[in-house]
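We count ligands from 1, going down the list as the structure has it; atoms in each ligand are counted the same way. Values reported hereafter were calculated over all heavy atoms of this structure, with side chains retained and with hydrogens, waters and symmetry mates removed.
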Amino acid sequence: MNLRRLASLLIPAFLQAAPAAPDPGNVLWYDTPAAHWLEALPVGNGRMGAMLFGGVAKDRIQFNEQTLVPGSSQTKGVEHYQPFGNIALEFPGTPDTTPVDYHRELDLRSAAARVSYTVDGVTYQRELVASLPANLVAMRLSASKPGSVSFTVRLSDVRKNAVTVAKESLSFAGKLANGLGYAAALRVVTDKGSVTHTGEGLTIQGADAATLYLAAATDFAPIPAKKFRRGQAPASVVAERIAAAPAYDELRAAQLADYQTLYRRVSLDLGTTASSSLPTDKRLAAKKAGQPDPALPTLLFNYGRYLLIGSSRPGGQPANLQGLWNDELYPAWFCAYTTNINVEMNYWLAEPTALSECHQPLFDWIDNLAEVQKATTDPRIQVPVGWVAYSTNNQYGGNTGWAVHMPGSAWLARHFWEHYAFTGDRAFLEKRAFPHLRDLSELWMSRLVPGPDGKLITPDGWSPEHGPVKEADGRIVMKEGDRTPRPGASYDQQIVHDLFSNTLSASAELGADPAFRARVADTREKLLGPRIGRWGQIMEWMEDVDEPKNQHRHVSHLFALYPGRQISADRTPDLAAAAKVSLQARGNGGTGWSRAWKIAFWARLQDGDQAERVLAGLLEPVPASGNRSGRGGSYPNLFGAHPPFQMDSNFGATAGIVEMLLQSHDQTESGDYVIHLLPALPKAWPSGSVKGLRARGGFIVDQEWREGRLVSAKITSLLGQTAVLRYADQSRPVTLARNDALVFAP
Ligand code: FUC
């Protein structure tokens, strides 16, 4: 029971203080149950995910496990990531109306989804959590009056396999068409009361409290080079797991210790306003109506971190297109990994928001993908060195029927470099990052050809996912989905440039083969670089055919601005000005991820107000039901709308907010990172603080500002590297020993 409830029972109403509104930067909350999945609230442990609807007479918990992935690449192509099952709860004798004190919340600080309400003077509470230490989802049901917890619980498989009902547990098992075995099991433990089982489920009567433990597993194992290794039978895995479940308090303590180690590393405060205390769905509406609510971006920022911790933990799969939360048999784009923006965007926040560990599943997945792709029989992507990804991939390989994505592997490889740039992990650099960077640099050095003006170009580029096509009457029109090879397309050129830059940095750090380094440097020098076209824009293709009215969602020709570092507001002001022209033409709209990307672009252009405007667009409410047309925004549970739901915009928004507050991509001549404080602070966030963000070179950065000006910053060095600290037009060198800190006040 929380303090508010306890107080309501013990203290006369007239003496009770008004209940404190939930922390607006850390709690999503609602005064009605979820009617739709996009209103339900997610918990996740990096393996399993569950969505709590919070109904009163009936409740539903929909769940996933991230390895329920059918299909194998070279035969059937990528297939849809599967929903796992559902738990249905029924509370007999409870009216099917929403009690006046109904409250449903997701508390990001303690990683718990909760429901509470009062019926006939008894206050009922349910709390749903996902624990990685126990590898379980667990729910605690309690009531203010002893003996009042009574309900029935059923478990179901989405594919309708039979459920086995035992004394205090329910379970099912099945196989997907590709032979992947899966199983789920649920166990009930009560405090007093009774548990009886019927043919369909379990009935709990007169308990003081009850705990449900849910386990789900498959026999999926990573498959280097197509070898399908089976693990232990899933039915016995889940049976063991629920049998070994710790008491709820113990499970909660271990889960909190595990979760908060990551979550608490960063805190953000952008201030609050009157509308910050409204329920979350009403805050979205109020913001759209013009009510300022800076705590809403704070909540979105924190949510991105919560969702990454919930869907990407070491040893597991990387966050897919929906993290790991999915209730559809045929989710959009297979709910897989798309390499021309989406899966990379999922991980932009990992290093700067101190979730470096959550980046690990991506590296494992890339290593596996590289093995699968090296063994390919597809003649289009057989290469002498390195490897090539498809546009859409899963754990078995790629979707051979859609696009080959030549520079995709180079884009993925930049994640390895970034991990090193932030953490300084030399063993990782040497053993895992450099081999990819080296081989892919060799691949690209062998693929580049001289273009019309002698500069080196990629022979068959692409600017996802459109292109200028000549009509019969000679007019050039932009065609959606065009995949015609475009030699020298800016996207490919910029990614290759970035690959070479990352390879040069890595090679220099390792003191690796100077002759190789000289070849890479020489080739990078000869690459066709970003060019400014006829209306002042960055040219998207080698020919100056950009159309100023083209507002395509992809903004691939600005890769060099973000996540790349070839275009910089400070180092290459002319190109930055051209990037601004391109960005203005593309507009502030687009799909969720397109908007999220634009936040980061504007931040890199050091225009905080424009970044905030795009962010406001990302927070425009999108109804949970209804058609899937429209562009971008947030569902009631703050999941990002493509539409349909894609989680890349959640992750991308968090990364974009980081870029508004702290940047560290630029380097001095001598290679020191420039730690740029508050590079793009918008007027909408006049006062605030952010603690714990990370900068390249191994720094923890805390900042506090008032009336739009930095008050102080604390820089802690984890690696003892030198750097340059910059705020507005001031700069100073940072020479700190390992674990030393300095305080800077402008
Ligand atoms: C790319 C985008 C689409 C969508 C898909 C998952 O193909 O162009 O908009 O986000 O990925």
For residues 556-563, please give each side-chain donor-acceptor pair under 3.5 Å, one per line with the distance, not counting sequence neighbours.
{"from": "Ser556", "atom 1": "OG", "to": "Pro464", "atom 2": "O", "distance (Å)": "3.4"}

Under 3.5 Å side-chain donor-acceptor pair for His554 and His466: no
Donor-acceptor side-chain pairing of His552 and Glu480 below 3.5 angstrom: yes
Donor on one side chain, acceptor on other, His642 and Ser649, under 3.5 Å: no
Any protein N/O atoms within less than 3.5 Å of an N/O atom in ligand 1? List the atom names and distances, or say none.
{"from": "ligand 1", "atom 1": "7 (O)", "to": "Glu465", "atom 2": "OE1", "distance (Å)": "3.2"}
{"from": "ligand 1", "atom 1": "7 (O)", "to": "Glu465", "atom 2": "OE2", "distance (Å)": "2.2"}
{"from": "ligand 1", "atom 1": "8 (O)", "to": "Glu465", "atom 2": "OE1", "distance (Å)": "3.3"}
{"from": "ligand 1", "atom 1": "8 (O)", "to": "Glu465", "atom 2": "OE2", "distance (Å)": "2.9"}
{"from": "ligand 1", "atom 1": "8 (O)", "to": "Arg553", "atom 2": "NE", "distance (Å)": "3.1"}
{"from": "ligand 1", "atom 1": "8 (O)", "to": "Arg553", "atom 2": "NH2", "distance (Å)": "3.2"}
{"from": "ligand 1", "atom 1": "8 (O)", "to": "His554", "atom 2": "NE2", "distance (Å)": "2.6"}
{"from": "ligand 1", "atom 1": "9 (O)", "to": "Arg553", "atom 2": "NE", "distance (Å)": "2.8"}
{"from": "ligand 1", "atom 1": "9 (O)", "to": "His642", "atom 2": "NE2", "distance (Å)": "2.6"}
{"from": "ligand 1", "atom 1": "10 (O)", "to": "Asn342", "atom 2": "ND2", "distance (Å)": "3.1"}
{"from": "ligand 1", "atom 1": "10 (O)", "to": "Trp593", "atom 2": "NE1", "distance (Å)": "2.8"}
{"from": "ligand 1", "atom 1": "10 (O)", "to": "His642", "atom 2": "NE2", "distance (Å)": "3.3"}
{"from": "ligand 1", "atom 1": "10 (O)", "to": "Gln646", "atom 2": "OE1", "distance (Å)": "3.0"}
{"from": "ligand 1", "atom 1": "10 (O)", "to": "Gln646", "atom 2": "NE2", "distance (Å)": "3.1"}
{"from": "ligand 1", "atom 1": "11 (O)", "to": "Asn342", "atom 2": "OD1", "distance (Å)": "3.0"}

Check: Tyr347 ring centre within less than 6.0 Å of His419 ring centre: no
Parallel, tilted or perpendicular, as decided by the 30° and 60° cut-offs, for the rings of Phe363 and His359: tilted
